[in-house]
J.: 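Before we start, here is the structure in question, set down as structure tokens.
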Amino acid sequence: MSDRSLQQNEPLLRVIDLLVEFPAVRGQKVHAVSGVNFSLARGETLGLVGESGCGKSSLARAIMQLPRPTSGRVILDGEDLTTVDPVRLRILRSRFQMIFQDPVASFNPFRSVGESIGAPLRTLWGVDEDERTRRVREMMEAVGLDSDQYYRRRPFQLSGGQCQRAGIARALMTEPRLLVCDEPVSSLDVSVQAQIINLLREVKGRYGLSMLFISHDLGVVRNISDRVAVMYLGRLCEVAPCAALYAAPVHPYTNALLAAIPRPDPERPLPEGGFLPGELPSAIEPPSGCRFRTRCPRAQASCSEVQPELREIAPGHLVACHYPLLFGS
Amino acid sequence: MTTTAQRLLVVENLSVSLPAARGEVRVVDRVSLSLERGRTLALVGESGSGKSMLCRAIMGLLPGGARRTGSGRVVFAGRDLGALLERELNRIRGREIGVVLQDPLSSLNPVLTIGRQIAETLRYHLGFSSARARERSIELLRAVGIPRPEERLACHPHQLSGGMRQRVAIAMALSCDPQLLITDEPTTALDVTIQAEILNLLGRLQKERNMAMILVTHDLWVAAGMAHDTAVMYAGRIVEQAPTGELFARMRMPYTKALFDAIPRVDDPPHTNLKAIGGTPPDLAALPPGCRFAPRCPRVQTRCRAEEPPLVANDREDHRYACWFPYPSEDSP
Amino acid sequence: MGRKRGAAFWLPLAWITFVVLCAISASWLPVPSPDQIDWDNLAVKPGVAGHLLGTDTLGRDIASRLLFGARVSLIVGFLAPCIGLVLGCFAGVIAGFYRGLAEKLIVGAIDTFLAFPRLVFLLVFIFVLGASLSNLTIALGILTAPSFARVARANTIRFAGREFVLAAKAIGAGDVAIILREILPNVLAPMLVYMLLVMGFVIVAEGGLGFLGLSVPSPTPSWGGMIAEGREALDETPHVSMIPTAVMFLTVLSVNLIGDRLRGQVDGRESQL
């Protein structure tokens, strides 16, 4: 707190050894997130990619403290969210907000959209109604929603795209520094999806936000992110600047993901055979060592014994693999 | 095209209406298309474009309330499906027309083993004995790339992953060697690596069996990688149709181009501003008088707001589009 | 939203409105007192001697007794489900929201209660505390609470998993605020519709208790009591039992029809989400 310039250089968010486990049947545990480390600089967008069941949503919720993670630290602006007392956490919540996957379901059908957008002001700061209405209307216009037309509407009377604009407005009401976006465009049509991505990029610049952008769509993530983290079965495989990751993926899993993107070339059909042999292993009993080894084309005996940690192979390019696809090979 | 190739499916002027608050809305409006054996047609569009409803109308499986209107016809292998009895239609569906839907969990019966479900289709349509049905089921599961098919026969749908379930659904659709396979967003619910595998599988099976295939998708790039022909739908109408290569090389109708440009590409540098389509998709109950895309179209002129452009071929016989002021026919970037 | 409701909705509604108006205005209507005995006309058929619906075996005017009996049926039929709704909602929402131990305990209690013979519960309750309108209402209210709790719990679980609840948590809303502001309004709509169905059950239950002599003590008229009083002479003067039976039947049917129709609408709106 004393040295302001030092604080400015500190990353906004640091996630250290984050672990999320849920109870499963017969006393077993689901290892949803197993030791994830990363940091997010001020003004940066980190894309988080992975397939369903990889734990990316669990990671997002753990960062949001919904609920608090099993262990590990989530440090926002120098304060560890996992250990601050509930009163302080409530105050801090204004600084980190979330945008949800299903925009319509993220609004209470019983309340008007305008009222829901203003809820953070009421709950967190106790702003009175007149002031709330004024600020909500302002924010609605800022995200491209006609406030006269939509303030009193119910969420199910809006289209998915309009609801997501409202969701963004709600998240921005308390002027947060961190925005966690959990698949914010995956339920939207292509034409609307582009509007929302552009809007997110715009508000990020205007309000000086940092974003954690979670998606399974590699094209979307590439478009909006500065850096990208790839997640598989609860662990990060590769973290790299956006351009580097797409140009030369180093982890075999990233490589498979990129190869699987449909490309508009009917003359050159998709490569024959599976991109990833076998099935996603169970998160209840994940494979020993490297979790990707059961489906990895490059797996060796040692992969089942030693768990690979993220290591830097080029400036800012981290990979967790014993036998990465090194440049040129 | 070749003169010998018989047209397997001909749809003429097909319209479908749904009841709405006031009167009816046409969710599919005067759609015509044809399909030959061995070819894949992609129907591309956003939600509400009518692409799924068109498929259901072709199969004669419209949801409650929806009905065909006008004088449209669906002719499959020389028979007018609209003139057939429900019983005769049942014989064609499942046997000559196979269907794969977006969510295999809802199309598979959760309380029956997958072996039983495939075998029932075989016994109902082809009169197979149980032993023969089992043998054929194993063959089918192997053909769709399911490892250890003998063991999988005893599984219930919920015991399989999403990708495996979709493979089972494909196996079921193929069980009677259909001439036409209709796939409605078959990979939308799946992860990208699984999507690629399923698309590969569908493409391979279509070639091997010389089936005709209709692929409904919202993803232009899936269409690009899979289909011989692509038809783009907007607000119930086909607005552009051409061989896929031709379509992607020369997009004439502004909606097609706009839809294509709105997709974030992995080849674009990060932070490229996306060319979003302004406005919102049209309300089918209150369509504009002229071209349906006019309110959102970057090239709109006065005429577009007054007259609806017909879907016609102008300079190339196989490239139809509905636009008064199309992009010029030189290669689009 | 503006779907046609049709005659199957409006006719029952008209009947219920009629019954309610009758019950309210019973004292001012030109009918004899419900306890007034017309010694000259015992158990006469409808229309005889100025008795619109005839008299019962004690010579009391059936129309009058129906009007005043409607008060009992409606008070019990409305208040008992209200008690059940409040109790059930509380338990069900707690169970559905907190899950875990609280849920196990509440669900266990519900199952135990439902396994217990209902009639025995009512008999004991009324035997111990005495037969009165309030005791009857409370007993029937407690009886309906477990099924309300089940509905409340199922709906709470459904809504608690929705993203708007997560959104409320993300802005630091406390449990009480989430339950009251986010969950309860959504759970209440299906609960109120369910309440209509329970009202039908309770009106019938009052009738059954009246048959056993456990409803409000005479001479206060109740529909159940009236049906019971006519059973002695069912072969000679069936109208004494049949008229109140028909009125009860129509009322319960109406409540159920309205409930079914409204449930269709609540579900329909839900499926739009």
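Every chain is numbered from 1 and lettered A, B, ... according to where its sequence line falls, protein lines coming before strand lines.
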J.: Please report the interatomic distance CG(B/Leu274) to CG(A/Asn198), rounded to the nearest 0.5 Å.
T.: 5.0 Å
J.: What distance do B/His271 atom NE2 and A/Asp226 atom CG have between them, rounded to the nearest 0.5 Å?
T.: 3.5 Å
J.: Given a strict heavy-atom distance threshold of 4.5 Å, which part of A/Leu218 is in contact with chain B: side chain, backbone, both, or neither?
T.: both
J.: Provide the full list of ring pair (Phe, Tyr, Trp, His ring centres under 6.0 Å) pairs with a residue in residues 219-246 of chain A, sequence neighbours left out, each pair given once.
T.: A/Tyr232-A/Tyr253, A/Tyr232-A/Phe292
J.: Please report the interatomic distance CG(B/Leu259) to CG(A/Asp189), rounded to the nearest 0.5 Å.
T.: 8.5 Å
J.: Checking A/Glu202 against chain B: side chain, backbone, both or neither under 4.5 Å from a heavy atom?
T.: neither
J.: Sequence neighbours excluded, which residues qualify as side-chain hydrogen bond (donor to acceptor under 3.5 Å, both in side chains) partners of A/Asn255?
T.: none
J.: Measure the spacing between CD of A/Glu51 and CG of B/Leu190 and express it to the nearest 0.5 Å.
T.: 10.0 Å
J.: Sort A/Asp217 into side chain, backbone, both or neither according to what part of it lies under 4.5 angstrom from a heavy atom of chain B.
T.: neither
J.: Which atoms of A/Ser52 are under 4.5 Å from chain B, going by heavy atoms: the side chain, the backbone, both sets, or neither?
T.: both
J.: Among residues two or more places apart or on two chains, list those pairs meeting salt bridge (charged side-chain N to carboxylate O under 4.0 Å, His left out) that have a residue in residues 228-252 of chain A.
T.: A/Arg235-A/Glu309
J.: Find out whether A/Ser191 and B/Glu46 are in side-chain contact, i.e. whether some heavy atom of one side chain is under 4.5 Å from a heavy atom of the other.
T.: yes
J.: Considering heavy atoms only, which positions within residues 151-168 of chain B lie below 4.5 Å of chain A?
T.: B/Ser161, B/Met164
